[in-house]
Amino acid sequence: MAKTFNVAAVCMPQKHYMVGLAKRLEEMKGYVDDGKYFMVNRARQYGKTTLLLALEQYLQEDYDVVFVDFQTFGNDEFASEHVFALSFAETFVQLLEETDFVPGLNFQEVAGRIRQFSDTGYTGYRLKRLFSDLSSICACSDKPIVLIIDEVDSASDNQVFLDFLAQIRAYYIKRVKRPFFQSVILSGVYDVKNLKQKLRPDEEKKYNSPWNIAADFDMELSFSKDEIAGMLLEYEADYHTGMDLYGMAGRIFAYTAGYPFLVSRLCKLMDEQVSRKEGFLSRQAAWTERGFQEAVRMILAERNTLFDSLAGKLEGSPQLNAMLYSLLFTGKSIAFHPDEPVLNLAAMLGFIREEKGVAVLANRIFEMRLYNLYLSSAQMQALDIYRISLEDKNQFLTGGHLNMRLILEKFAVHFNDLYGDRDLSFVEEEGRKYFLLYLRPIINGTGNYYIESRTRGLRRTDVVVDYRGEQYVIEMKIWHGNEYHQRGEKQLIGYLEDYHIQKGYMVSFNFNKKKRIGVQEIRIGDKILIEAVI
């Protein structure tokens with residue numbers, strides 16, 4: 001049976017095209033060999049479960065590994081201490097027996113007692129007894145035991161779980177005297193280091209982290225360009241598409257920053273859907289720049305579990321929503337500080353990452369999806385500039401190509417008519433938003449746009465538009481003098497060289513009273529710049 005690209009649940013190397021995990025598994029085993037307890041916290045659909053299941057197999061020669069999935073525990077099992085303790089004990093014993101664990105008399109005695117308590121509905125089995133039994137099992141094992149708990153988010157707001165973590169900490173601290181796990185690995189989106197536990201029930205303000213024993217786990221789980229290329233090489237060996245392997249890997253990485261779900265989803269779309277669409281109708285045609293852009297268009301238009309999860313987080317956090325909106329539209333730099341709650345939340349959920357001390361959108365796909373989300377709101381679409389764009393949109397195609405010069409001409413006229421009396425602060429806050437709002441109906445359904453990361457946070461923005469396989473680079477800036485303007489022109493020329501295109505575009509918001517409003521053409525070397533002065 002042919003392999004496929006997988007975006008549903010766990011990836012298996014015998015069934016799916018995958019990035020190689022050997023290097024990561026070797027590094028994680030180093031943590032286990034050192035007896036470290038740690039947390040693998042990454043955003044949704046980041047390949048955590050796939051990695052941990054592979055680790056379970058990788059460790060089996062040296063360790064007995066028990067892999068517990070908290071998603072299999074119902075809400076009732078976290079309702080009280082005795083219910084959770086007995087449920088965990090039963091689950092642990094059953095899973096351990098499914099490994100190569102060789103049970104001795106002591107284990108059989110402990111396991112038999114746990115099953116008896118379960119059968120009789122005994123309510124006196126508590127965390128203290130659970131951990132005493134776990135210690136006894138570790139003492140009689142012929143190999144050290146590693147405990148992996150996946151999906152801890154299912155229990156992270158539950159006091160019983162916090163008490164459970166506190167017991168792990170207590171046994172970790174005294175494991176020289178009392179046998180315990182070689183390593184405990186927790187996995188989820190939220191970092192349980194930040195969870196707090198009351199020291200005593202009557203205390204309202206004194207808290208203590210139940211997971212402050214955890215080692216820092218800073219392993220990179222994003223896929224690199226070379227890793228993506230390695231996965232594509234395996235695919236190419238099966239289908240011989242003739243694709244430019246490293247060029248395609250670079251495109252995928254540029255748009256996803258190696259986010260595992262997004263990488264696999266784009267590949268799956270090209271393989272299974274773009275290759276069957278009219279205008280392509282083959283894998284050879286799908287694995288091209290044009291086919292890739294079609295896959296990008298498709299992923300931005302679809303609903304999937306990752307995007308639904310991110311949208312739900314935005315709805316549940318007005319502060320997160322406001323921060324991302326500001327990051328997208330105002331261009332103001334936001335210093336990244338891990339102790340800032342909103343930034344910490346955004347990073348944990350995968351929306352942003354830190355780059356040179358400031359917060360940036362985690363990847364181009366998320367950025368484009370968020371732009372589409374915000375610009376599709378009823379409030380945005382009620383603005384005059386959007387309404388006018390809907391009226392204008394059919395005049396901008398010439399021979400199947402986007403007439404970007406005409407777009408700039410029309411936008412300059414409409415912006416001056418509607419907002420020409422506004423001040424600098426208005427343009428700084430709203431200028432790029434209004435241009436993107438005008439642009440969106442024109443390219444909607446056929447093209448996409450994103451902000452060039454190298455200019456984000458400066459006093460100018462480069463918008464890159466992909467439309468039917470062609471790219472258009474539009475620099476947006478506020479006039480800050482002729483010298484600054486000329487420097488911007490030279491930088492834009494550099495970007496045109498990078499994109500291998502001859503013509504670039506500029507939108508200059510100019511508050512100089514002597515400015516000349518309109519569109520002009522400038523030649524610099526072999527490049528042409530079309531500038532709209534507003």
Side-chain angles (χ1 to χ4, degrees), residues 3-7 10-13 16-31 38 40-55 58 187 189 216-238 241 243-271 287-289 291-293 295-296 299 306 336 347-369 450 452-454 456 464 498-499:
K3 288 186 178 183
T4 61
F5 293 101
N6 181 51
V7 293
V10 177
C11 291
M12 295 174 280
H16 305 126
Y17 294 110
M18 292 176 56
V19 162
L21 299 178
K23 185 177 180 181
R24 292 178 176 85
L25 295 176
E26 181 181 1
E27 187 175 343
M28 292 180 77
K29 186 175 184 294
Y31 279 75
F38 59 97
V40 181
N41 66 286
R42 295 294 187 275
R44 291 287 179 205
Q45 295 185 282
Y46 223 91
K48 299 184 295 295
T49 300
T50 294
L51 179 62
L52 290 174
L53 286 171
L55 180 65
Y58 191 76
S187 175
V189 173
D216 291 331
F217 182 76
D218 54 5
M219 182 188 300
E220 182 58 70
L221 299 190
S222 301
F223 299 158
S224 70
K225 177 181 174 180
D226 287 342
E227 288 176 324
I228 296 170
M231 178 176 65
L232 295 181
L233 181 63
E234 184 182 2
Y235 175 86
E236 185 67 4
D238 289 340
T241 69
M243 77 168 84
D244 174 3
L245 276 171
Y246 285 95
M248 182 58 68
R251 291 185 192 98
I252 293 171
F253 183 81
Y255 276 72
T256 65
Y259 197 114
F261 174 87
L262 298 177
V263 171
S264 295
R265 184 59 183 158
L266 286 172
C267 291
K268 190 174 184 68
L269 286 170
M270 283 185 281
D271 177 51
W287 289 92
T288 60
E289 168 67 24
F292 173 77
Q293 290 301 332
V296 170
I299 197 174
L306 176 59
F336 186 90
M348 280 197 299
L349 296 176
F351 282 110
I352 65 170
R353 56 187 169 85
E354 183 270 336
E355 185 176 288
K356 297 180 180 178
V358 300
V360 298
L361 269 296
N363 59 70
R364 195 174 290 172
I365 294 292
F366 282 2
E367 178 175 315
M368 297 159 81
R369 182 79 179 198
Y450 58 88
E452 170 54 61
S453 62
R454 286 173 291 185
R456 180 177 295 284
V464 181
D498 292 344
Y499 286 101

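- No donor-acceptor pair under 3.5 Å is formed between the side chain of Glu367 and the backbone N or O of Arg364.
- Checked against the 6.0 Å centroid criterion, the rings of Tyr450 and Tyr255 qualify as a close aromatic pair.
- Closest of all the heavy-atom pairs between Leu349 and Ala43 is O-CB, 3.3 Å.
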*Under the side-chain contact (heavy atoms from CB on, under 4.5 Å) criterion, do Tyr17 and Cys11 qualify, and how do the steps go?*
CA-CA 8 Å; Tyr17 294 110; Cys11 291; over 6 Å; no
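- The line from CE of Met270 to CZ of Arg251 is 9.0 Å long, rounded to the nearest 0.5 Å.
- The heavy-atom pair separating Leu52 from Ser187 by the smallest distance is CD1-CB, 3.2 Å.
- Summarising the geometry of Ala249 relative to Lys225, their closest heavy-atom pair is CB-O, 3.6 Å, with the distance given to 0.1 Å.
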*Test Val189 against Arg42 for side-chain contact (heavy atoms from CB on, under 4.5 Å), laying out the working first.*
CA-CA 5 Å; Val189 173; Arg42 295 294 187 275; over 6 Å; no
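- Formation of a donor-acceptor pair under 3.5 Å by the Gln45 side chain with backbone atoms of Leu306 is found in this model.
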*asked:* With side-chain contact (heavy atoms from CB on, under 4.5 Å) as the criterion, how do Tyr46 and Tyr259 come out once you've worked through the C-alpha distance, each side chain's angles and the decisive distance to 0.1 Å?
replied: CA-CA 7 Å; Tyr46 223 91; Tyr259 197 114; 3.4 Å; yes
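- For Thr4 (side chain) and Asn6 (main-chain N/O), no donor-acceptor pair under 3.5 Å exists by modelled atom type.
- Ring geometry for Tyr31 against Phe38 counts as tilted: the plane angle lies between 30° and 60°, on a 0 to 90° scale.
- Taken to the nearest 0.5 Å, the CG atom of Asn363 stands 10.5 Å off from the CE atom of Met368.
- Closest of all the heavy-atom pairs between Lys29 and Leu55 is N-CD1, 4.4 Å.
- Here the options are Val296, Leu262, Val263, the test is side-chain contact (heavy atoms from CB on, under 4.5 Å), and the partner is Ile252; only Val263 passes.
- Rounded to the nearest 0.5 Å, atoms CE (Met231) and CZ (Phe223) are 6.5 Å apart.
- Rounding to the nearest 0.5 Å places CG of Leu233 at 10.0 Å from CG of Asp238.
- Ion pairing between a basic and an acidic side chain is recognised when a charged N comes within 4.0 Å of a carboxylate O; Lys3 and Glu234 show such pairing.
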*Check against side-chain contact (heavy atoms from CB on, under 4.5 Å), Thr256 and Ser222*: CA-CA 9 Å; Thr256 65; Ser222 301; over 6 Å; no
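- Taking 4.5 Å as the limit, some side-chain heavy atom of Val19 sits within range of a side-chain heavy atom of Arg24.
- The two residues Phe5 and Ser264 come nearest to each other via the heavy atoms CB-O, 3.9 Å.
- The aromatic rings of Trp287 and Tyr235 sit tilted, their planes meeting at an angle between 30° and 60°.
- Using a 4.5 Å heavy-atom cutoff, the side chains of Val40 and Met28 are in contact.
- The line from CG of Asp271 to SG of Cys267 is 8.5 Å long, rounded to the nearest 0.5 Å.
- Atom OH of Tyr58 is separated from atom CG of Leu51 by 11.5 Å, given to the nearest 0.5 angstrom.
- Between Pro260 and Leu221, the shortest heavy-atom distance links the atoms CG-O, 3.9 Å.
- Annotation: side chain of Leu245 is in contact with side chain of Glu236 (closest heavy-atom distance under 4.5 Å).
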